Colleague: 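Okay, handing you the structure first.
Just so you know, ligand 1 is whichever comes first in the structure, and atom 1 is the first atom listed for that ligand. Position 1 is the first residue of the sequence, and the numbers go up from there. Everything numeric in this text was worked out from a predicted model, so none of it was measured.
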Amino acid sequence: MPDLLSQIQLDLKNWATSANEKGWLNERAISAIDATTAATPGALFDQANRPLVVGFFGGTGVGKSTLMNRFAGEDVARASAERPTSREITLYVHESVSIAKLPDEFPLQRMRTQSHQNNQYRAVLWIDMPDFDSVEQSNRELVEQWMPHIDVIIYVVSPDRYRDDHGWRLLLEHGTQHAWVFVINHWDRGDERQRDDFRGMLHSAGLQNPHLFVTDSSDSPNQPHDNQSANSKDEFNSLRETINQLADQQLIEQLESRGVVQRINRIREVSDSLRAQFSTPEQLQQLNPLWQSSWQTCSTELHESVEWKIPAIAAHYANQEQSLLGSLYARIRGREAPTDSPSAELQSALENLLDDTFYDRAHETVDAFSQQATSSGIALAAIQQPLDNAKPEWPNRARMLMQTAIEQSLAAPGTPLQRQLHRVLGWLCWLLPLAAMGWIGFRVINVFRLGANDPAAYLSSNFAIHSLLLLGLAWLVPTVLFIKLKPSREKAAARGVRHGVQQVINHIDEQTQKVLQHLTTDQQQRINELDNIMTSGVQVDDGALPEALQRMLIQEPPSVPVTGVRATTHS
Ligand SMILES: Nc1nc2c(ncn2[C@@H]2O[C@H](COP(=O)(O)OP(=O)(O)O)[C@@H](O)[C@H]2O)c(=O)[nH]1
Ligand SMILES: [Mg+2]
């Protein structure tokens, strides 16, 4: 069982650390888990049959050490009027018991072990603790370190100091994790009204019928007060009986199990609060429409911001086109025709198209969206981190998209109809002159044939002139049309640039949507993991425990802070 508890705590911590790395949870989540305890009394021993661990807990000088000495019947714990009286933990333990597994963080030099052969306490390990209200921080730490390892806490107060803020806070904080027995010591100075008042306080802390004993340890504090009738104001014997009743192996096991369940419940409270820091899948789904609307506005602005730069870039392609017209001459002169590869000038114009202002505007929109998203319960870091990671990749991808879009547009300039017409004109450029030549040839051959019989049949110079004119027109008309109706590269380039910009904008949109999608699945996965960690089948029915023990247990800590507790000045 203790293993199960530490496993749950460890798993939860690993889970929270990973969620913290991804921005879902802050550092406080991890410290909240650290503040829970996986320590139990059973964790101190490696044998199955362990003793009941009983600890004396209380403020300075209330008589904890004196009471422990009374139980022991010998002077085991230092009791004195000096304050603080104890700086160390005193363990009073039967010699057959070995405390095998002391946690590493326990300061051994501050632990005194007194072993005994008193068979009456074979199954009880007594622990005298320093004062929880000690002026020494280390004393208070020692108390808090040891508390989780105690089954039954004997909360000792004095009539003038039972309304102690510090002890009360610890009681409320750790109440459900222990069994509690209360003792008002120094009862030689006590009054029944104080007992009633204290009982009322315990009632408000969730103890319906607490074990509350009064003791007067003034006579000879280090001697057992066996004869209760000798001192009617001393209920020490009843106290001893109550504790001895609990030193039963089965009860100890039940107490251990209950302690584990209570500690798991405490961890569960923390895990529930961590779960609440995650938004619901429905809330995450609302992010997409939110993103769409903000990106739509931004995308219009982005288009507008680059529109004025497009004609200049397109003009570069037009310049290339003009030189293309001269390609004929160039070819005659043996020079190479210009290619589609952009010049350095063009390259820098393209770079300037999607400049810092462009990306700044896009970043701004994405950042503002992350901020807005936090209102739907999503941690800012969880959404900002992946979006920030996506940003540096945008320009590279944009360069590629722009280039492809322009190349594709240049490869197919104009409308399909324009391109078809241009192709037909291309054919006509050589078909028409060919047809004209055919016609002229036919006429020449015909006349040549006639000339064999009729010497008058010959071709006039008129024919030669008309033939030349026909041939010229048949070439010139389609050629001029071919050149003039060639789909504009300038326009194609402009269209390509616009298309490229649109693709860049779409790319940012897609990336962001991908992040949102991933957030939704990631969140779901983390919640499932948390559910898996927190499903432990340990159950303990407090109702099945003996009545005497039930009276020592706090089921639920009070939901409202108990009022009327004030700090008292230590006399
Ligand atoms: N009058 C009176 N004195 C007590 C009683 N119990 C303890 N003392 C004295 O109170 C002082 C502090 O007791 P101690 O056991 O050291 O207190 P601790 O700090 O709670 O461990 C000692 O001098 C004890 O003799 C009591 O019931 N009545
Ligand atoms: Mg003491």
Colleague: Any atoms of ligand 1 less than 4.0 Å from a non-hydrogen atom of S218? List them with their elements.
Modeller: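 Result: 1 (N), 2 (C), 26 (C), 27 (O), 28 (N).
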Colleague: Return the orientation label for the H363 and W394 ring planes: parallel under 30°, perpendicular over 60°, tilted otherwise.
Modeller: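 If you compare the ring of H363 with that of W394, the planes turn out tilted.
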Colleague: Between D196 and R193, is there a salt bridge with N-O shorter than 4.0 Å?
Modeller: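 Looking at D196 together with R193, the answer is no, because their closest N to O distance does not fall below 4.0 Å.
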Colleague: Where does T66 meet ligand 1, judged by heavy-atom distances below 4.0 Å: at the side chain, the backbone, both, or neither?
Modeller: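 Both of them.
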Colleague: Could you tell me which non-hydrogen atom of I33 sits nearest to which non-hydrogen atom of T36, and how far apart they are?
Modeller: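 Scanning both residues completely, I find the closest heavy atoms to be O-OG1, 2.6 Å.
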Colleague: Check this for me - ligand 1, R189, N or O atoms closer than 3.5 angstrom, yes or no?
Modeller: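 Looking only at distances, the answer is no, because the N/O contact criterion of under 3.5 Å is not met.
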Colleague: Considering distance alone, does some N or O of W187 sit under 3.5 Å from an N or O of ligand 1?
Modeller: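 No; the residue has no nitrogen or oxygen that sits under 3.5 Å from a nitrogen or oxygen of the ligand.
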Colleague: With nothing but distance in play, are any N or O atoms of T60 less than 3.5 Å from an N or O of ligand 1?
Modeller: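 There is no such contact.
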Colleague: Short check: any N/O/S atom of S65 below 2.8 Å from the Mg ion (ligand 2)?
Modeller: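 Coordinating: yes.
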Colleague: G61: heavy atom below 4.0 Å from ligand 1, yes or no?
Modeller: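 Within the 4.0 Å threshold, so yes.
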Colleague: Angle between ring planes, F182 versus Y155, binned at 30° and 60°: parallel, tilted or perpendicular?
Modeller: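 Rings of F182 and Y155: tilted, 30 to 60°.
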Colleague: Find all atoms of ligand 1 within a distance of less than 4.0 Å from any non-hydrogen atom belonging to D188, and give their numbers and elements.
Modeller: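 Every atom of ligand 1 under 4.0 Å from some heavy atom of D188: 1 (N), 2 (C), 26 (C), 27 (O), 28 (N).
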Colleague: For a quick check under 3.5 Å, do Q7 and D11 share a side-chain donor-acceptor pair by atom type?
Modeller: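 Side-chain D/A pair, Q7 to D11: present.
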Colleague: Of all heavy-atom pairs between V62 and N185, which one has the smallest distance, and what is that distance?
Modeller: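 Heavy atoms of V62 and N185 come nearest at O-ND2, 2.9 Å.
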Colleague: Based purely on interatomic distance, does S217 place a nitrogen or oxygen under 3.5 Å from a nitrogen or oxygen of ligand 1?
Modeller: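 For ligand 1, there is an N or O atom that lies under 3.5 Å from one belonging to S217.
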Colleague: Does the Lys NZ or Arg CZ of R526 fall within the cation-pi geometry relative to F278 - under 6.0 Å from the ring centre and within 45° of the axis?
Modeller: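 Pair R526/F278 does not count as cation-pi.
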